[in-house]
Amino acid sequence: MSILKVAHMGHPVLRERAEALDKSAFRNPLLQKLIDDMIETMHEYHGVGLAGPQVHEGVRLFVALLEEEPNPKTEATVVVNPEIIPDGDTREEGWEGCLSIPDIRGMVARYTSVALKALDRDGRPFELKLKDFAARVAQHETDHLDGVLFLDRMTSMQSLTYLEEYSRYHAKEED
């Protein structure tokens with residue numbers, strides 16, 4: 001497995017809509033290697049999610065730790081051609097960061113409960129009901145597949161902060 005280069009904000013790949021994968025793609029060993037490499041890269045950079053465009057691949061694929069309280073032992077979920085369906089209208093502001101926008105955090109309103117419909121790494125359909133943090137991660141990663149960054153979702157830039165200041169002044173509020 002390999003650590004992949006992560007595209008940073010400003011790279012055009014992050015602003016393009018990714019292409020859906022068709023059923024034949026799942027048999028390709030290169031796709032399976034990409035998935036494994038994305039999981040390894042996500043862990044290497046201590047992320048909770050990583051989308052295809054973030055590693056210069058314009059495909060509708062992301063890997064994520066979709067547990068309410070992910071830890072290093074949490075197994076990554078592979079999500080292909082996702083569809084997010086909000087479960088109600090409730091949205092909540094929460095802190096977000098991104099491997100493509102290193103050392104920056106900001107408050108983003110997201111649905112607190114969603115259904116995620118997608119294909120797994122073998123092309124089998126699945127559906128997950130996600131709440132709170134896991135729902136936020138799935139929405140964030142799906143946005144990447146549409147060329148949207150978390151900064152685009154911020155309704156106010158007042159909360160925009162560097163990671164060091166977030167850790168010093170804001171992370172304590174979350175505990």
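Side-chain contact check for Leu149 versus Asp143: every heavy-atom pair is 4.5 Å or farther apart. Annotation: side chain of Val108 is not in contact with side chain of Glu93 (no heavy-atom distance under 4.5 Å). A 4.5 Å side-chain heavy-atom check between Leu145 and Leu61 finds every atom pair outside the cut-off. Annotation: side chain of Glu96 is not in contact with side chain of Met154 (no heavy-atom distance under 4.5 Å). You'll find the side chain of Trp95 reaches within 4.5 Å of the side chain of Thr161, heavy atoms only. No side-chain heavy atom of Leu50 sits under 4.5 Å from any side-chain heavy atom of Tyr45. Looking at heavy atoms from C-beta onward, Cys98 lies in side-chain contact with His144 at the 4.5 angstrom threshold. Counting heavy atoms from C-beta on, the side chains of Leu119 and Phe26 come closer than 4.5 Å.
Note that CE of Met38 and OG1 of Thr41 are 8.0 Å apart. Values are rounded to the nearest 0.5 Å. Distance CD/Gln139 to CZ/Arg110: 5.5 Å, rounded to 0.5 Å.
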Quick one, Glu19 with Arg60, criterion salt bridge (Lys or Arg N to Asp or Glu O under 4.0 Å). Give me CA distance, side-chain angles, the key distance, then yes/no. CA-CA 6 Å; Glu19 295 291 323; Arg60 295 190 72 76; over 6 Å; no
From CA spacing to verdict: side-chain contact (heavy atoms from CB on, under 4.5 Å), Val137, Leu65: CA-CA 8 Å; Val137 171; Leu65 305 180; over 6 Å; no
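Considering all non-hydrogen atoms of both residues, Met42 and Val63 come closest at SD-O, 3.8 Å. Nearest heavy-atom pair, Ala25 versus Leu31, reported as atom, atom and distance to 0.1 Å: O-CD2, 3.3 Å. Of all heavy-atom pairs spanning Leu116 and Pro82, the tightest one is CD1-CB, 3.7 Å. In plain terms, the two heavy atoms of Gly49 and Gln54 that are nearest each other are O-OE1, 4.4 Å. In terms of heavy atoms, Gly97 sits closest to His140 at O-CE1, 3.3 Å. Nearest approach of Pro86 to Val114, heavy atoms of both residues: CA-CG1, 4.0 Å.
Applying the salt bridge (charged side-chain N to carboxylate O under 4.0 Å, His left out) test to pairs two or more places apart or on separate chains, none has a residue in residues 20-31. For residues 80-92, no residue pair satisfies the salt bridge (charged side-chain N to carboxylate O under 4.0 Å, His left out) rule, not counting sequence neighbours.
Glu44 meets the side-chain hydrogen bond (donor to acceptor under 3.5 Å, both in side chains) test with no other residue; sequence neighbours excluded. By the salt bridge (Lys or Arg N to Asp or Glu O under 4.0 Å) test, Asp36 pairs with Arg121, sequence neighbours left out. In this structure, the salt bridge (Lys or Arg N to Asp or Glu O under 4.0 Å) partners of Lys33, at least two apart in sequence or on a different chain, are Asp37. Scanning for side-chain hydrogen bond (donor to acceptor under 3.5 Å, both in side chains) contacts around Arg105 gives an empty result, with sequence neighbours left out.
Ile101 and Leu163 fall into different hydrophobic clusters, defined by Ile, Leu, Val, Met, Phe, Trp and Tyr side-chain heavy atoms under 4.5 Å apart, directly or through other members. In the hydrophobic cluster analysis, where Ile, Leu, Val, Met, Phe, Trp and Tyr join through side-chain heavy atoms closer than 4.5 angstrom, Leu21 is grouped together with Leu4.
For the residue pair Glu67 / Thr74, no side-chain donor-acceptor distance below 3.5 Å is found, with atom types taken as modelled.
Of the possible donor and acceptor atoms, none in the side chain of Asp146 sits under 3.5 Å from a partner among the backbone N and O of Val148. The backbone N or O of Gly106 lies less than 3.5 Å from no partner atom in the side chain of Ser159, so there is not a single donor-acceptor pair.
For the pair Glu127 and Lys129, the salt-bridge criterion is met [side-chain N within less than 4.0 Å of a carboxylate O]. Arg15 has a carboxylate O that lies under 4.0 Å from a charged side-chain N of Asp152, or vice versa, which qualifies the two as a salt bridge.
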